[in-house]
Protein chains: 2
Amino acid sequence: MTQSKGEPRIPTETIKRLGLYLRRLRRLLTSSVETVSSEEITRYLDISSHQFRKDLSYFGPFGRRGVGYKTDQLIVQLEKILGLDSECPIALVGVGKLGSAFLAYTGFSNFNIRIVAAFDNDITKIGKNWEGIRIEDLSRLETIVPELKIKLAVLTVPAEYAQEVGIQLAKSGVKGILNFAPANLNLPGEVLVINVDMAAELMALAYLVQKLDR
Amino acid sequence: MTQSKGEPRIPTETIKRLGLYLRRLRRLLTSSVETVSSEEITRYLDISSHQFRKDLSYFGPFGRRGVGYKTDQLIVQLEKILGLDSECPIALVGVGKLGSAFLAYTGFSNFNIRIVAAFDNDITKIGKNWEGIRIEDLSRLETIVPELKIKLAVLTVPAEYAQEVGIQLAKSGVKGILNFAPANLNLPGEVLVINVDMAAELMALAYLVQKLDR
DNA sequence: TGATGTGAATAACTTCACAGCG
DNA sequence: CGCTGTGAAGTTATTCACATCA
């Protein structure tokens with residue numbers, strides 16, 4: 001995929017950091033901090049203030065030189081950039097242990113991200129309410145997802161079902177999938193997949209730690 | 001931190017990919033594939049064969065030119081590199097929904113990674129068995145972890161406890177932490193932290209998807 | 001001949017240094 | 001004067017091209 005010359009390419013890592021900034025800013029706002037410097041925002045984030053300012057610079061100038069940033073304004077701007085200024089409905093597929101953890105997770109609600117539909121193929125779960133969400137039959141996915149205009153999904157099914165469900169999601173108009181199954185999705189069209197591979201992360205950690213003490 | 005001139009620096013991304021290769025190779029071995037090419041290994045992985053060979057090259061030559069790699073041998077080599085040739089005991093702290101999902105996750109067992117201790121501060125959980133692991137009182141962490149010589153931990157506690165528990169883990173000799181709490185850990189000594197931030201991933205996905213359709 | 005292994009070229013990302021501006 | 005914003009420099013990672021060897 002080529003890039004037209006005028007547009008500045010924005011690192012994916014930058015995008016991920018925007019979320020961290022947003023969370024931090026919310027906390028600062030809760031503490032009634034009305035104006036912040038790049039130093040202050042990044043203080044507990046393991047990110048340099050340089051990096052923060054560089055990240056923002058891809059989207060435009062937001063601060064006042066010599067002063068800093070207005071906390072509430074910057075929050076609004078970041079939300080807009082991330083597309084979280086209006087509520088973002090998401091679907092969850094696979095209500096096993098990990099899926100349940102997701103349903104219960106409160107960390108999204110602050111960010112206009114809400115799970116509005118959950119699916120499973122386990123008859124004993126279908127029709128029940130978990131965390132206020134009714135579990136639907138997987139076979140109804142292709143009806144419900146377009147109806148609710150859902151564009152994002154979290155995939156927490158066993159690896160062997162991941163591809164199949166991925167296809168169903170793609171057919172239903174989903175454009176982005178956060179995939180927790182240790183399986184690679186091969187999907188038609190412009191569907192973006194972010195893989196979170198917990199085993200791979202642990203293995204990497206094992207290596208890095210082992211290397212520390214030579 | 002400077003690097004002595006002779007050693008080749010190994011990208012962290014390379015390390016994470018080693019785990020993916022290992023999983024794929026196991027699957028191939030299960031399918032009785034005895035010899036594989038770099039093409040075949042990376043086929044469903046969204047990784048180029050170039051990348052695979054480059055990744056391996058940091059650690060030495062493992063294949064036969066014109067032929068490929070012996071599946072079983074390469075598995076052994078990768079395990080050795082990752083430090084997973086002997087069993088790697090890990091501790092889990094925080095047996096909430098996400099922690100429980102981890103305990104139940106079978107994806108590690110193939111990789112010599114095993115959760116051997118779980119901790120929580122919820123009296124109703126302590127002493128009970130979950131997935132064959134006895135839940136211990138958080139206050140016993142600093143006794144049990146050194147006893148079992150545990151070097152890696154998974155942190156699935158609420159954000160407000162993360163720092164505190166991180167300190168306890170560091171004191172107990174843990175050298176690497178896979179942190180799921182949306183909080184930054186500030187730890188003494190040489191403790192490596194890998195953060196998995198599910199909300200940040202979702203936010204990044206929201207951005208990327210929104211950008212697709214201009 | 002066929003697939004690996006790797007230096008060199010390219011691309012991507014981060015850090016720096018300082019100009020710009022309130 | 002202080003902190004932001006950003007081009008440029010530096011670093012890190014990926015892709016390429018081909019020498020290499022069974």
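Values below: all heavy atoms of this structure, side chains included; hydrogens, waters and symmetry mates excluded. Chain letters run A, B, ... following the sequence lines, proteins first and then strands; every chain starts at 1.
- Applying the side-chain hydrogen bond (donor to acceptor under 3.5 Å, both in side chains) rule to pairs touching residues 85-94 of chain B yields B:E87-B:R114, sequence neighbours excluded.
- Contact detail for A:A181 and A:N179: the closest heavy-atom pair is N-OD1, 2.9 Å.
- For the OP1/OP2 pair of D:dT4 and a distance below 4.0 Å, the side-chain nitrogens and oxygens of A:S38 include at least one atom meeting the criterion.
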Take B:Y105 and A:F180, measure what ring-ring contact (aromatic ring centres under 6.0 Å, His included) needs, and give me the verdict at the end.
CA-CA 11 Å; B:Y105 190 55; A:F180 284 85; over 10 Å; no

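- Between A:Y69 and D:dG5 there is a side-chain N or O to OP1 or OP2 distance below 4.0 Å.
- Rounded to whole Å, atom P of D:dC3 lies 17 Å from atom NZ of A:K70.
- Interface limits on DNA chain C: the 5'-most and 3'-most nucleotides within less than 4.0 Å of chain B heavy atoms are C:dG2 to C:dA8.
- For residues 47-57 of chain B, the salt bridge (Lys or Arg N to Asp or Glu O under 4.0 Å) pairs, not counting sequence neighbours, are B:R17-B:D55.
- Rounded to an integer number of Å, the gap from CD of B:Q51 to P of D:dT12 is 17 Å.
- Using a 4.5 Å heavy-atom cutoff, the side chains of A:D197 and A:N195 are not in contact.
- Protein atom CD of A:E40 is 17 Å distant from nucleotide atom P of D:dG2, rounded to whole Å.
- Between A:F59 atom CZ and D:dT6 atom P there is a gap of 13 Å when expressed in whole angstrom units.
- Take the nearest nucleotide of DNA chain C for A:D55 and for B:L56: the residue whose nucleotide is more 5' is B:L56.
- B:Y69 and B:Y21 have their aromatic ring centers separated by at least 6.0 angstrom.
- Ring orientation note: the planes of A:F108 and A:F102 are close to parallel, at an angle under 30° on the 30°/60° scale.
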If a protein heavy atom is under 4.0 Å from the base, mark B; if only from the sugar-phosphate, S; if neither, -; do that for nucleotides 16-22 of chain D going 5' to 3'.
BB-BBB-

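- The NZ-C1' distance, from B:K16 to D:dT12, rounds to 15 Å in whole Å.
- Rounded to whole Å, the distance from CZ on A:F52 to P on D:dT6 is 13 Å.
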Check: residues 155-174 of chain A side-chain donor-acceptor pairs under 3.5 Å, at least two apart:
unit_1 : atom_1 : unit_2 : atom_2 : d
A:T156 : OG1    : A:V93  : O      : 3.2
A:T156 : OG1    : A:G94  : O      : 2.7
A:Q163 : OE1    : A:N186 : N      : 2.9
A:Q163 : NE2    : A:N186 : O      : 3.0
A:S172 : OG     : A:Q168 : O      : 2.7

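- With sequence neighbours excluded, the residues satisfying side-chain hydrogen bond (donor to acceptor under 3.5 Å, both in side chains) with B:K97 are A:E131.
- For D:dT11, neither phosphate oxygen OP1 nor OP2 lies less than 4.0 angstrom from any side-chain nitrogen or oxygen of B:R9.
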